Amino acid sequence: MRVFVCKDYEDISGRASEEIAALIREKPTCVLGLATGSTPEGMYRKLCECYQAGELDFSGVRTVNLDEYYPISPENPQSYHSFMNRVLFERVNIRREQTYLPDGMAADANAACLDYERMIRELGGIDLQVLGIGQNGHIGFNEPGESLIPLTHKTALSENTVNANARFFQHMEDVPRYALTMGMKTILSARRILVLANGKSKASAVAAMLSGRVTTSCPASFLNLHDDVTLFCDRDALSAMETSGDKETL
Ligand code: GLP
């Protein structure tokens with residue numbers, strides 16, 4: 001895993017958006033694996049700025065998102081559908097029929113997950129997957145536990161994640177308890193992976209990810225099994241480790 005220690009959140013967002021912009025220029029029909037959460041918001045903002053400056057064309061780009069709450073309607077402002085519309089899809093010239101998220105309204109969640117896997121295969125796989133990291137080391141909604149599930153699946157959210165998500169909802173009882181998420185194999189099948197992490201709240205998850213061990217108690221540690229992962233983080237996110245400067249690990 002390549003680890004780049006960035007100056008601050010702006011720097012993380014800038015470097016991540018540059019990687020994505022370079023890929024779109026090199027392969028205008030690329031398949032981007034996208035993430036939600038507050039971490040990638042700055043990256044999306046910078047991509048929109050590039051588009052507005054006439055420097056990027058999204059017309060051929062296809063996107064697949066990591067996850068969606070379940071059950072939730074796409075119109076719900078807290079759905080990941082709404083989030084993606086707000087931060088990117090409504091702001092650039094992407095074709096909406098080329099953007100995909102798991103179906104949070106599916107009557108049959110298992111069938112929807114199988115369809116999602118099929119759709120990713122039919123797109124030719126993910127060129128670049130963007131990931132944030134949960135405070136407990138989850139990626140997508142692959143939560144710590146005794147085992148991980150390889151492919152897209154319905155999952156119960158951990159108490160830690162429900163509490164972390166509560167800030168986005170008015171009432172605790174509105175916070176979703178389930179989600180549909182790409183599985184660990186789905187994520188690891190992406191040709192390249194970018195992980196973004198900032199702030200002290202991510203420090204223990206980042207330290208576990210970089211500890212050199214692969215363990216289901218920190219799902220992000222499975223990224224060590226992939227050959228092309230880049231982490232852009234700030235010093236706070238590394239503060240549970242002793243490290244400085246750009247460095248190569250593992
Ligand atoms: C959610 C998402 C993850 C995201 C995580 C961290 O659980 N499913 O994809 O990485 O939150 O969110 P934040 O970036 O807001 O800390």
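For ligands, and for the atoms within them, numbers begin at 1 and follow the listed sequence. What you are looking at is a predicted structure, and each value in this text was computed from that prediction instead of being measured.
The structure places CD1 of Ile193 at 9.5 Å from OG1 of Thr230, a figure rounded to the nearest 0.5 Å.
The shortest N or O to N or O distance between Ala35 and ligand 1 is not below 3.5 Å.
A ring-centre distance under 6.0 Å is found for Phe4 and Phe232. Between Tyr100 and Tyr116, the distance from one ring center to the other does not fall under 6.0 angstrom.
When each atom of ligand 1 is checked for a heavy atom of Lys202 under 4.0 Å away, the hits are 13 (P), 14 (O), 16 (O). The ligand atoms of ligand 1 that sit less than 4.0 angstrom from a heavy atom of Gly132 are 10 (O).
For atom 12 (O) of ligand 1, the closest heavy atom belonging to the protein is Gly37 CA, 4.0 Å. Closest to atom 6 (C) of ligand 1 among all protein heavy atoms lies Ile133 O, 3.7 Å. At the shortest separation from atom 1 (C) of ligand 1 among protein heavy atoms lies Tyr80 OH, 3.6 Å. The nearest protein atom to atom 14 (O) of ligand 1, hydrogens excluded, is given as Thr39 OG1, 2.4 Å; this is a heavy-atom distance. For atom 4 (C) of ligand 1, the closest non-hydrogen atom of the protein is Thr36 O, 4.0 Å. Of the protein's heavy atoms, Asp67 OD2, 2.7 Å lies nearest to atom 8 (N) of ligand 1. For atom 3 (C) of ligand 1, the nearest non-hydrogen atom of the protein is Gly140 O, 3.6 Å. Protein heavy atom closest to atom 7 (O) of ligand 1, with residue, atom name and distance, is His138 NE2, 2.8 Å.
When non-hydrogen atoms are compared, ligand 1 lies under 4.0 Å from the side chain of Arg167 (C-beta onward) but not from its backbone.
Salt bridge present: Arg192 and Glu19 bring a charged side-chain N and a carboxylate O closer than 4.0 Å. The residues Glu117 and Lys185 are annotated as not salt-bridged, no charged nitrogen and carboxylate oxygen being separated by less than 4.0 angstrom. A salt bridge does not link Arg191 with Asp228: every distance from a Lys NZ or Arg NE/NH1/NH2 to an Asp or Glu carboxylate oxygen is 4.0 Å or more.
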- Item | Audit row: Glu146, Thr216, side chain to side chain donor-acceptor pair (under 3.5 Å) steps and yes/no | CA-CA 6 Å; Glu146 282 185 7; Thr216 58; over 6 Å; no
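Residues Glu143 and Asn136 meet the side-chain proximity criterion, which asks for heavy atoms closer than 4.5 Å.
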